[in-house]
Amino acid sequence: MEMMAQPCGDDGSARQAGLTQASEVMAQPCEQASEVMAQPCEQASLFHTVLVANRGEIAVRVIRTLRALGIRSVVVYSDADAGARPVREADVAVRIGPAPAALSYLCADAVLGAAARTGAQAVHPGYGFLSENPAFARACAGAGLVFIGPPPEAIELMGDKIRAKATVAAAGVPVVPGSGNGGDDDAALAAAASRIGYPVLLKPSAGGGGKGMRVVQRPQDLPEAIAAARREADSAFGDATLLVEELIASSRHIEVQVLADGCGNVVCLGERECSLQRRHQKIIEEAPCPVLDAATRGRMGECAIAVAKAVGYTGAGTVEFLVPAAMPDRFFFLEMNTRLQVEHPVTELVTGLDLVEWQLRVAAGQRLDFMQDDIRVDGHAIEARIYAEDPAAGFLPTGGQILLVREPPAGPGLRVDSGLQVGEQVGSHYDPLLAKVIAHGPDRSTALRRLDAALAVSSILGVGTNVSFLRALLADPGVQSGTLDTGLVERVIPAPAELPDDILAAVGLRALLALEPTGSVVDPFALPGGWRIGEPAWTRWQVQASGHEPVEVRTRGRAAAAGVVVDGGAVVRASACWEGGDLAVTLDGITRRYTCATEAAVVWLGRDGHSWELREQPPLSAAQLTESTADGAVRAPMPGTVTVVDVVEGQQVSAGARLVVLEAMKMEHALTAPIEGVVSQLSARTGDTVARDAVVVVVDPLRSPA
């Protein structure tokens, strides 16, 4: 691969002209003393009231720093979040609209109106929604509010990936080869892809977070990929402009945190390793990167500072680089996120700096009160993002009501950023990120162990999550050794998990325990356990977990001393009781504890970071369910909105043909025909909202001629 520009400071001699133009005095590599001394902190007053224009764990995290600084917090909320945790924790909460983000969190007039009504002096946009919207930043200024972020010109420039690449290339920062014309139509993108050579990566020019990105392996796949990418980009960012880049198939994703004040002082706070991703979105991040040598780390920090200076950046920002896995001493500019990042806690833990506090101080006009050589990286930090998704189903978003939350206790070496609470409804309107667990230790191995232990005691019931997958990923040999690349997650996607016998037994014993009477009982017929003259009878339960066939579980006796049989196996001595809200089950002398929650006929059990959704099925219902799995009914795997309908009733389709496209939690999912046949029922229309498991299309098999 040929670089379009040489890395910053690569030869140690005279700097390139572009870099010199960007700054008269170039900041030094991150681990070296900077010649640009940060100025003493001015006594500019902080704000008395700040509005947080975001939701969930983001809003909770910002409120935490506002409270620590004695600043009054205001949050805005949609109808879907009326009972959410930020609404409860903020000093003031203001309703701004219905659930769809376009009518609430993305409505600038509603946010500004809330600020005016509550006397806010500044707006913190969090990350996502309006955080990288230059028009909103300008609207804040027009309303007399301080936007806690960079100048709108910097947001605008870095938000346009095409202009951003041109700007940083002119500053001597290496960029990935690709198209560079913002007006590229489909034909121009195809020509650029042909010139670059397949495989290629399609990317929206606006936005970030992996939305709208598509890997294209062959020329014949490009037209459909362009259409899907434009559609998703337009939905997520209101801009369908695309660019195409060379796909560096085996690469690491490394980003550098920068912090700049309004007086030209810029420092870098080290780098973060962000290679563990699915759908181009990160799920585990760490600081520092386990493979960078001092020279590369210095050059990368130097380039990040050059990028910030080139665009007149202020506040906290992140410069992202792509590093070929086989050549960790080379890197290419990817993009700049002009906001706080989801993964910022790992930087805070290793530097001891509160980035939200410094966003507030810089926005209030204060100078940085430290210089580059004051920054020290202490130990290692790793963050795991907990999403409402099903890794075994291609990371499809899930949904439902939170029935139980058990988060690891925060303390030395452990931090939890969460917006979760019991009763909250996780729907399809917003990103599926629920919480983050962050571990810190003196070295990487300690941080890994602490993070895994914290996930093992985490339990979220009522909604499927990726917690068990995160534990499996942390145990992967590549992750343990630090041999990472952006494709690693896709290579370790697990098959649907086996259903352990102890889980099935626990469901039967929980049901038996529920039959135990309270108070004193003298009538033997009122006792559970199948009492009769002679040997007690067996009680049969049909238990079914999602994705599994029904299994018969039999119990006999009382919960305190029972026999249990799973799927026709041997009789196992068992007992069950409630201990502090948990279900404690002893099977053949081994005691395990489970978190437990019920919703109608559904029982949720959790242990060791895993969770299971189980139903007690009558035998007849179970048989009907088994028969239905062989038909051509196509069900929505997640709640969402229908964006594309490709078929009509009566149309003949082949197995695997796309029928409908659903959009949920900012991603698209294509529903395909399970068999070759004819569309006999079509209940989906463009714009419809559908529930999880709703039948969207029915395909009848082709009938053989008589």
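Everything quoted here is computed from the prediction, not taken from an experiment. If you read the sequence from its start, that first residue is 1, and numbering goes on from there.
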State, to 0.1 Å, how close [X] and [Y] come at their nearest heavy-atom pair, and which atoms those are.
{"X": "L243", "Y": "P204", "answer": "CD2-O, 3.8 Å"}
{"X": "G419", "Y": "E424", "answer": "O-OE1, 3.3 Å"}
{"X": "A454", "Y": "L414", "answer": "CB-CD1, 3.6 Å"}
{"X": "L433", "Y": "I386", "answer": "CD1-O, 3.6 Å"}
{"X": "P86", "Y": "V60", "answer": "CG-CG2, 3.8 Å"}
{"X": "A684", "Y": "V660", "answer": "CB-CG2, 4.4 Å"}

How would you list, by chain and number, every residue that makes a side chain to side chain donor-acceptor pair (under 3.5 Å) with [X], sequence neighbours excluded?
{"X": "T465", "answer": "none"}
{"X": "H344", "answer": "R61"}
{"X": "Y77", "answer": "none"}

So, the side chain of [X] versus the backbone of [Y]: is there a donor-acceptor pair under 3.5 Å, distance only?
{"X": "Y313", "Y": "A316", "answer": "yes"}
{"X": "D261", "Y": "L368", "answer": "yes"}
{"X": "E271", "Y": "I254", "answer": "no"}
{"X": "T643", "Y": "V661", "answer": "yes"}
{"X": "S683", "Y": "V696", "answer": "yes"}
{"X": "S104", "Y": "P98", "answer": "yes"}
{"X": "R230", "Y": "A240", "answer": "yes"}

**Message:** Test side chain to side chain contact (heavy atoms under 4.5 Å, CB included) on V644 and T686; report intermediate values, then the result.
**Reply:** CA-CA 6 Å; V644 177; T686 302; 6.0 Å; no
**Request:** Please assess L201 against M213 for the test side chain to side chain contact (heavy atoms under 4.5 Å, CB included), listing each intermediate value before the final yes or no.
**Result:** CA-CA 7 Å; L201 181 65; M213 294 176 67; 3.5 Å; yes
Would you say [X] and [Y] make side-chain contact, with heavy atoms under 4.5 Å?
{"X": "Q366", "Y": "L46", "value": "yes"}
{"X": "L404", "Y": "S459", "value": "yes"}
{"X": "N54", "Y": "V62", "value": "no"}
{"X": "I284", "Y": "V479", "value": "no"}
{"X": "L473", "Y": "L488", "value": "yes"}
{"X": "E613", "Y": "T398", "value": "no"}
{"X": "V356", "Y": "R64", "value": "no"}
{"X": "V437", "Y": "L470", "value": "no"}

Between [X] and [Y], is any side-chain donor less than 3.5 angstrom from a side-chain acceptor?
{"X": "T318", "Y": "E255", "answer": "no"}
{"X": "N337", "Y": "Y127", "answer": "no"}
{"X": "R339", "Y": "Q341", "answer": "yes"}

Taking ring pair (Phe, Tyr, Trp, His ring centres under 6.0 Å) as the test, write out the residues that go with [X], two or more places apart.
{"X": "F333", "result": "none"}
{"X": "Y387", "result": "none"}
{"X": "H253", "result": "none"}

From [X] atom [atom1] to [Y] atom [atom2], the distance as rounded to the nearest 0.5 Å:
{"X": "N466", "Y": "I283", "atom1": "CG", "atom2": "CD1", "value": "6.5 Å"}
{"X": "L69", "Y": "L360", "atom1": "CG", "atom2": "CG", "value": "6.5 Å"}
{"X": "I382", "Y": "L349", "atom1": "CD1", "atom2": "CG", "value": "11.5 Å"}
{"X": "I155", "Y": "L157", "atom1": "CD1", "atom2": "CG", "value": "11.0 Å"}
{"X": "Q257", "Y": "L353", "atom1": "CD", "atom2": "CG", "value": "10.0 Å"}
{"X": "E389", "Y": "L434", "atom1": "CD", "atom2": "CG", "value": "9.0 Å"}

SB check [X] [Y] (cutoff 4.0 Å):
{"X": "R415", "Y": "E348", "answer": "yes"}
{"X": "E335", "Y": "K203", "answer": "no"}
{"X": "R471", "Y": "D608", "answer": "no"}

**side-chain hydrogen bond (donor to acceptor under 3.5 Å, both in side chains) contacts touching residues 87-98 (sequence neighbours left out)** = S73-D91, D79-R95, R85-E89, R88-Q421
**Request:** Using the side-chain hydrogen bond (donor to acceptor under 3.5 Å, both in side chains) rule, take T641 and E663 through it: C-alpha gap first, then chi angles, then the decisive distance, then the call.
**Result:** CA-CA 5 Å; T641 303; E663 181 183 32; 5.9 Å; no
By side chain to side chain contact (heavy atoms under 4.5 Å, CB included) - contacts of [X] (at least two apart):
{"X": "R117", "value": "V94"}
{"X": "L130", "value": "L106, V111, N133, F136"}
{"X": "A120", "value": "T49, L51, A115, T118"}

**Item:** Steps toward side chain to side chain contact (heavy atoms under 4.5 Å, CB included) verdict (F469, V492)
**Value:** CA-CA 9 Å; F469 175 73; V492 298; 4.2 Å; yes
**Message:** Checking R272 against E383 for the salt bridge (charged side-chain N to carboxylate O under 4.0 Å, His left out) test, could you report, in this order, the C-alpha distance in whole Å, the side-chain angles of both residues, the deciding distance, and whether it holds?
**Reply:** CA-CA 10 Å; R272 298 186 286 255; E383 171 183 289; over 6 Å; no
**Candidate list Q277, E343, E273, test side-chain hydrogen bond (donor to acceptor under 3.5 Å, both in side chains), partner K282, passing option** = E343
Identify every side-chain donor-acceptor pair in residues 146-154 under 3.5 Å, counting partners at least two apart or on other chains, and give the distances.
none

**Message:** Tell me every residue that passes salt bridge (Lys or Arg N to Asp or Glu O under 4.0 Å) with R607, counting only those two or more places apart in sequence or in another chain.
**Reply:** D502
**Prompt:** Does the side chain to side chain contact (heavy atoms under 4.5 Å, CB included) test come out yes or no for E286 and L484, once each step is laid out?
**Reply:** CA-CA 12 Å; E286 58 185 297; L484 312 176; 3.8 Å; yes
